[in-house]
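A note on names: the letters A, B, ... follow the listed sequences, proteins ahead of strands, and every chain is numbered from 1. As a basis for the values below, the full set of heavy atoms in this structure was taken, side chains included, without hydrogen atoms, waters or symmetry mates.
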Protein chains: 2
Amino acid sequence: MATVDRRGPYICGIDAAMDVVTGKWKSLILWELHSHGTRRFGELRRGLPGVSEKMLIQHLREMEQDGLVHREVYREVPPKVEYSLTEHGVSLNAALEALGDWGAERIRRIGADTVHIDASQDTAIAGSHSGNRVSPSRR
Amino acid sequence: MATVDRRGPYICGIDAAMDVVTGKWKSLILWELHSHGTRRFGELRRGLPGVSEKMLIQHLREMEQDGLVHREVYREVPPKVEYSLTEHGVSLNAALEALGDWGAERIRRIGADTVHIDASQDTAIAGSHSGNRVSPSRR
DNA sequence: TGCGGTACTCACCTTCCGGTAAGTGCCAAG
DNA sequence: CTTGGCACTTACCGGAAGGTGAGTACCGCA
């Protein structure tokens with residue numbers, strides 16, 4: 001049905017937005033799609049080091065259901081699927097910018113390590129201060 | 001130990017901001033504190049129907065550690081603790097407004113249930129953010 | 001002939017988030 | 001003298017989020 005069932009009654013707008021954004025990789029997918037316009041599954045996977053295929057697909061499917069990303073399948077000999085942002089995805093990204101800025105300032109404030117992925121190719125640079133080392137997991 | 005060693009290396013600003021906001025009640029706490037300025041523990045608990053004391057405290061502690069809320073303890077006969085937003089909490093709230101607006105529009109779009117229960121009593125400053133008083137259950 | 005790449009699906013497991021319920025020390029009210 | 005409010009703390013538990021590793025159908029390249 002049009003109305004997605006798993007998204008429950010919301011308390012407020014933030015609640016509704018968070019529901020769509022929460023997921024370990026969703027904001028990153030949003031960003032990746034935003035900066036590249038259109039990406040294939042494999043490109044996305046390589047662009048988000050550490051993501052498992054299962055999670056990538058799961059998030060992508062949810063985001064498609066939520067109307068954030070568009071999925072274009074090309075029935076070719078080697079399968080080809082292209083993902084891109086819908087207008088809602090684009091506007092969500094815009095709404096996230098303020099939050100991103102806040103977070104960036106927070107990173108500066110607390111001097112946390114930053115892991116920069118992406119850029120265009122595989123630039124695994126890191127950090128602002130001293131060491132980086134992509135230590136496993138947080139939280 | 002009580003100290004959750006989150007705040008790991010961040011991938012980007014959004015990541016850092018999300019780290020601070022994720023938690024079932026955090027954004028609501030933020031709004032509650034935003035609209036009332038200062039609230040006692042019990043007031044907060046009553047203001048967020050459905051929250052358990054454990055979760056409220058846990059979130060409050062994390063937010064205090066993250067520099068979002070200020071905790072003022074009054075060593076009195078009946079214990080009294082007041083919570084309020086720090087300047088960082090205030091700015092985070094501001095950064096969340098765009099997201100809140102987006103979410104509000106999404107709610108309108110998909111016609112999801114919103115849990116509006118008239119906040120008859122109490123001061124409801126409510127800008128773009130509306131209502132509280134809810135029964136849980138989403139997702 | 002076998003490996004690698006495409007885009008997945010499926011089953012199983014672990015970790016963590018959040019919930020429930022009880023207890024704490026102190027005091028006022030009934 | 002029991003109850004209730006204050007602001008917590010502690011122990012235990014279930015479910016969901018996320019991770020791992022295998023398998024699938026097809027093809028190009030070495």
Might you point out which heavy atoms bring B:Lys24 and B:Leu28 nearest each other, and give the distance in Å?
O-CD2, 4.2 Å
Tell whether A:Lys54 reaches the base of D:dG19 with its side chain through a donor-acceptor pair below 3.5 angstrom.
yes
Charged tip of A:Arg39 within 45° of A:Trp31 ring normal and under 6.0 Å:
no
Between [X] ([atom1]) and [N] ([atom2]), how many Å, whole number?
X       : N      : atom1 : atom2 : result
B:Arg45 : C:dG18 : CZ    : C1'   : 17 Å
A:Met55 : C:dA7  : CE    : P     : 19 Å
A:Ile29 : D:dG18 : CD1   : C1'   : 13 Å
B:Glu43 : D:dG5  : CD    : P     : 15 Å
B:Gln58 : D:dA7  : CD    : C1'   : 16 Å
B:Arg46 : D:dA7  : CZ    : P     : 8 Å

Answer yes or no: are there more than 12 heavy-atom neighbours, outside B:Glu64 itself, under 6.0 Å from its atom CD?
yes
Inspect the surroundings of CD in A:Glu87 and state if more than 12 heavy atoms from other residues, nucleotides or ligands are less than 6.0 Å away.
no
Under 4.0 Å from OP1 or OP2 of [N]: is there any side-chain N or O of [X] that close?
X       : N      : result
A:Arg71 : C:dC8  : yes
A:His59 : D:dA17 : no
B:Trp25 : C:dC17 : no

Where along residues 72-81 of chain B does a heavy atom fall under 4.0 Å from DNA chain D?
B:Pro79, B:Lys80, B:Val81
Axis bend over the full length of the helix from C:dT1-D:dA30 to C:dG30-D:dC1, computed from five pairs that close each end, to 10 degrees
20°
